[in-house]
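Have a look at the structure below, then the notes.
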Amino acid sequence: MKNNTNIKVNYFEKKYETMDYPELKTLQTARLKETLKTVFIKNDFYKNKLNEAGIKHISDIDNIKNIDDIKNLPFTAKIDLVNNYPFGIFSRPLKDLIRIHASSGTTGKPIIAGYTKRDIRVWSRLMARVLCAAGLGKNDIGQNAYGYGLFTGGLGFHYGAEALGMMIIPMSAGFTERQFTMMEDMGTTALFCTPSYALFLGEEINKFIKDTSKIKLKKGIFGAEPWSNEFRQNIENSLNIDAYDIYGLSELLGPGVAFECVYKNGLHINEDNFLPEIINPKTGKVLKEGEPGELVLTSLNREAMPLIRFRTKDITSLYKDKCKCGRSFVRMHKIKGRTDDMIILKGVNIFPSQIESIIFGYDYLEPAYLIELYTDNLLDKMNVIIEPKQEVFNMGESKMDEITKDVSHKIYELIGIRSKVTAVPPKTLERSQGKSKRIRDLRKKI
Ligand code: DLL
């Protein structure tokens, strides 16, 4: 990871970002009650849910004295949003909305997110906090290569940059040659896109830019998919920038739920807007600080679509010790993966990010991999496909044998599972302009 020597801490909304912790908890409790009252009155789905949880009358909400009482409230799952498609989860009539976004979801039916004018303003300010925390300001020029459209990445960054007063180039994803032309001609200083696309730009930069000293790029904010610190290192080296992580999801506005500050020691959760909990995904029990589990988020400052205890399916852990940047917001570790993407082989839980940290650690491998799951003799097995760099690949079969055995051994050392490793020529695996798919599931379903 790049070492920030001249560290300068910036805030966009210092009052909230550095709020005293007890004061923050009081604010959260007040906002939680207000949110509950809103959904109780304005949303039938939540009214029923809260009734079932023993909140029969709006005045029962006043029994909540402490933010920890949230553990007695019911969860909201993705399937609840799917079942209430398209607008059943909204707590405002459509006439109050000014925008929707959608995520394709994993189950086929999209999830619709709705925004009032105030929601867009709040979200823009949260995004401005993110940009500021990475050390960006009015003098920067941001190139936005997140997809514009129903995906929240494009417009989320766009509005955040405008709220900050930073010039933004609305590129959207793709058109790689044009990305480099604009980067050079406009003097882009900050790049926003998925880590996968940043990695691809890093692989291609020398093809399009004759003199990289003309490139002014110094920072990038990347998210929307899991990426390991080894992945970060790779982007930082190939693009010669300082890379920051940002987390968010369409169901909770979009990007801007959590972000890294210049110390890059975990992601600060915008806690005045989102109340985080970590639960055991199997039992639903709330876990203690530091224990890894599923992130659950409650929106605390939202009009169109407040969500109570939304199960994100993302695996991480929280820690509260104060960050050197002065923000009081709790931090979460980089997302390890989604419960959906967790591979269970021989009873061992494996996340693609673990395999990734191994592959990206080799300097003679291309930063690319695919995990293939297959069935052999009724047993589920894993084949990790890797790409040795051209000069290594040219060394022939016995060298490939040596490399694949070595990677397989490293995987065994880290996760205790023997896996097949297959080497393919460089640039064989698909590169993504958005989120990468890391698993190909060929298992026979019984
Ligand atoms: O990916 C929002 C976003 C846009 C975040 C741009 C950051 C930057 P969805 O398409 O709804 O929204 O996908 C949300 O993506 O539940 C995580 O599984 C994953 N995800 C998002 N950010 C990160 C991250 C956007 N920094 C889902 N690390 C989430 C790991 C992430 N996973």
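Indexing begins at 1, ligand by ligand and atom by atom, following the structure's order. We're numbering straight along the sequence, starting at 1.
The shortest separation from a heavy atom of Lys435 to ligand 1 is under 4.0 Å, placing the residue in contact. Residue-ligand proximity: Phe222 is placed with every non-hydrogen atom at 4.0 Å or more from ligand 1.
Residues Asn10 and Lys8 bring a donor and an acceptor atom of their side chains to less than 3.5 Å of each other. For the residue pair Glu356/Ser228, the side-chain donor-acceptor check at 3.5 Å is satisfied. Of the N and O atoms on the side chains of Lys264 and Tyr244, not one donor lies less than 3.5 Å from an acceptor on the other residue.
Listed by number with element, the atoms of ligand 1 under 4.0 angstrom from any heavy atom of Ser250 are 9 (P), 10 (O), 11 (O), 12 (O). Each of the atoms 4 (C), 6 (C) of ligand 1 lies under 4.0 Å from some heavy atom of Gly153. Set against the non-hydrogen atoms of Ser103, the atoms of ligand 1 under 4.0 Å away are 11 (O). Of all atoms in ligand 1, listed by their number and element, those nearer than 4.0 Å to a heavy atom of Tyr146 are 6 (C), 8 (C). For ligand 1 and Ile335, the ligand atoms under 4.0 Å from any heavy atom of the residue are 28 (N), 30 (C). For ligand 1, the atoms lying closer than 4.0 Å to a non-hydrogen atom of Phe151 are 1 (O), 4 (C), 10 (O), 25 (C).
Among all non-hydrogen protein atoms, the one lying nearest atom 25 (C) of ligand 1 is Gly248 O, 3.6 Å. Of the protein's heavy atoms, Glu225 O, 3.2 Å lies nearest to atom 28 (N) of ligand 1. The protein atom (non-hydrogen) at minimum distance from atom 29 (C) of ligand 1 is Asp314 OD2, 3.3 Å.
Across the listed options Thr316, Asp341, Ile246, Ile246 owns the non-hydrogen atom lying nearest to atom 26 (N) of ligand 1.
In this structure a side-chain-to-backbone donor-acceptor pair under 3.5 Å is missing from Thr152 to Ser250.
At a 3.5 angstrom cut-off on N or O pairs, Ala224 counts as close to ligand 1. Below 3.5 Å of separation, one finds no N or O of Trp227 facing any N or O of ligand 1.
Below 30°, between 30° and 60°, or above 60°: for Phe360 and Phe231 the angle between ring planes is below 30°, a parallel geometry.
Geometrically, Lys420 engages Tyr374 in a cation-pi contact defined by less than 6.0 Å to the ring centre and at most 45° from the axis. Cation-pi check for Arg92 over Phe90 is not met; the charged atom does not lie both under 6.0 angstrom from the ring centroid and within 45 degrees of its normal.
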Test log, rule ring pair (Phe, Tyr, Trp, His ring centres under 6.0 Å), inputs His158 and Tyr146: CA-CA 9 Å; His158 188 103; Tyr146 281 105; over 10 Å; no

Pair Tyr115-Trp123, ring pair (Phe, Tyr, Trp, His ring centres under 6.0 Å): steps then yes or no: CA-CA 9 Å; Tyr115 306 77; Trp123 182 25; 5.1 Å; yes

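Using a 4.0 Å cut-off between heavy atoms, Asp245 contacts ligand 1 through its side chain alone, with no backbone atom that close.
A salt bridge is defined here as a Lys NZ or Arg NE, NH1 or NH2 lying under 4.0 Å from an Asp or Glu carboxylate O, and Glu294 with Lys285 fails to meet this definition.
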